[in-house]
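Notes to accompany the following structure.
As the structure is a computational prediction, the values presented were derived from the model and not from experiment.
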Amino acid sequence: MPIPSRGPEPDPPPEGAVEPPRGDLAQPGPQAEQAEPGPDAATGTATTDDEHAAALREAEDRWRRALADLDNLRKRHARELKGQAAAERARTAAAFLPVIDNLELALSHAAADPGAIVEGVRAVRDQAVNVLERLGYPRQAESGVPFDPARHEVVGVVQEPDADPNTVVQVLRPGYGEAERQLRPAAVTVAKRE
């Protein structure tokens with residue numbers, strides 16, 4: 001009866017190579033005295049090496065999974081931010097739709113009563129300012145207040161005897177927002193220092 005083989009035969013070593021020792025042959029060298037087996041003799045060092053290798057493979061697997069989770073989290077966060085930005089842009093644009101509708105209505109009535117268009121445009125402007133205020137950007141157009149470089153942009157300096165020095169005399173273009181959240185500063189003229 002033929003003996004079944006254990007698997008494919010290993011490739012023969014290249015010419016001139018020394019074959020590694022086989023486990024079933026006695027190793028040359030001095031024979032060590034047989035000592036009593038220690039507490040690790042039952043498990044052997046091969047088992048501890050296998051345990052260490054398995055623990056290392058498990059740690060590497062956990063590490064790779066953590067990296068994949070982190071990458072997925074980054075991608076999801078980027079998608080959510082993009083979606084939130086798009087939703088906020090849509091909400092802001094939708095807030096201005098009534099302003100556009102009212103401007104179109106004022107323009108359509110301009111031919112019938114040219115004087116009424118001025119009142120209509122003022123009402124539309126007030127509506128647009130109200131939309132900006134609801135979005136968190138109140139209108140800044142006060143004169144007679146001290147100059148504040150965080151809220152004002154100086155476009156001119158004038159001699160004004162009734163105004164204190166370094167005071168806003170005239171607002172040429174209103175600003176919108178507060179110092180921390182500002183769309184633009186107010187363009188102003190300021191009284192000269194004496």
Side-chain angles (χ1 to χ4, degrees), residues 55-194:
L56 180 61
R57 281 192 302 273
E58 182 182 337
E60 285 177 349
D61 182 55
R62 285 195 315 249
W63 176 69
R64 290 182 198 281
R65 287 176 192 267
L67 282 179
D69 288 345
L70 180 62
D71 190 43
N72 290 338
L73 181 65
R74 284 184 186 142
K75 289 176 184 176
R76 187 178 81 216
H77 184 63
R79 278 192 312 268
E80 288 174 357
L81 281 178
K82 194 174 183 180
Q84 287 175 349
E88 188 62 28
R89 279 193 309 273
R91 186 178 73 83
T92 303
F96 273 101
L97 289 177
V99 174
I100 293 169
D101 292 340
N102 288 334
L103 278 173
E104 289 175 353
L105 186 62
L107 289 173
S108 69
H109 290 289
D113 186 9
I117 194 165
V118 174
E119 289 180 34
V121 170
R122 277 195 188 114
V124 172
R125 186 216 42 209
D126 292 344
Q127 187 179 23
V129 168
N130 189 347
V131 168
L132 284 173
E133 192 169 329
R134 283 191 325 226
L135 291 172
Y137 300 101
R139 182 181 174 108
Q140 305 292 331
E142 313 87 27
S143 58
V145 297
F147 170 74
D148 180 2
R151 293 180 15 196
H152 302 119
E153 174 186 355
V154 176
V155 294
V157 179
V158 295
Q159 184 70 37
E160 184 69 37
D162 296 337
D164 292 334
N166 210 22
T167 301
V168 173
V169 175
Q170 182 183 11
V171 177
L172 303 173
R173 184 190 69 212
Y176 293 92
E178 300 295 332
E180 315 77 56
R181 286 187 38 179
Q182 190 171 19
L183 289 177
R184 74 172 185 207
V188 298
T189 57
V190 178
K192 273 186 183 178
R193 292 184 183 159
E194 295 177 3

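Distance check: Leu135 CG to Asn130 CG gives 9.5 Å after rounding to the nearest 0.5 Å. Distance CD/Glu160 to NZ/Lys192: 12.0 Å, rounded to 0.5 Å. For the atom pair CD (Gln182) and CD (Gln140), the distance works out to 7.5 Å, reported to the nearest 0.5 Å. Here the CZ-CG distance, from Arg139 to Leu183, works out to 13.0 Å after rounding to the nearest 0.5 Å.
The side-chain contact (heavy atoms from CB on, under 4.5 Å) test with Val124 singles out one residue from Asn102, Ile100, Asp101, and that residue is Asn102.
Ionic pairing of Arg122 and Asp126 is not present here: no N-O contact between side-chain nitrogen and carboxylate oxygen is shorter than 4.0 angstrom.
At least one side-chain heavy atom of Glu133 sits less than 4.5 Å from a side-chain heavy atom of Pro138. The shortest side-chain heavy-atom distance between Arg173 and Glu153 falls under the 4.5 Å cut-off.
Pairing each heavy atom of Tyr176 with each of Tyr137, the nearest pair is CD2-O, 3.9 Å. Across every non-hydrogen atom of Ala163 and Val169, the tightest pair is CB-CG2, 4.4 Å. Considering all non-hydrogen atoms of both residues, Ala187 and Val155 come closest at CB-CG1, 4.0 Å. Between Val168 and Glu142, the closest heavy-atom pair is CG1-O, 3.8 Å.
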### Task
Could you give me the CA-CA distance, side-chain angles and deciding distance for Leu81 and His77, then say whether side-chain contact (heavy atoms from CB on, under 4.5 Å) is met?
CA-CA 6 Å; Leu81 281 178; His77 184 63; 3.5 Å; yes
Worked check of salt bridge (Lys or Arg N to Asp or Glu O under 4.0 Å) between Arg65 and Asp69 = CA-CA 6 Å; Arg65 287 176 192 267; Asp69 288 345; over 6 Å; no
Please report, to 0.1 Å, the donor-acceptor pairs under 3.5 Å made by any side chain of residues 89-99, with sequence neighbours excluded.
unit_1: Arg91; atom_1: NE; unit_2: Glu88; atom_2: OE1; d: 3.4
unit_1: Arg91; atom_1: NE; unit_2: Glu88; atom_2: OE2; d: 3.4
unit_1: Arg91; atom_1: NH2; unit_2: Glu88; atom_2: OE2; d: 2.6
unit_1: Thr92; atom_1: OG1; unit_2: Glu88; atom_2: O; d: 3.0

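Residues passing the salt bridge (Lys or Arg N to Asp or Glu O under 4.0 Å) test with Arg76, sequence neighbours excluded: Glu80.
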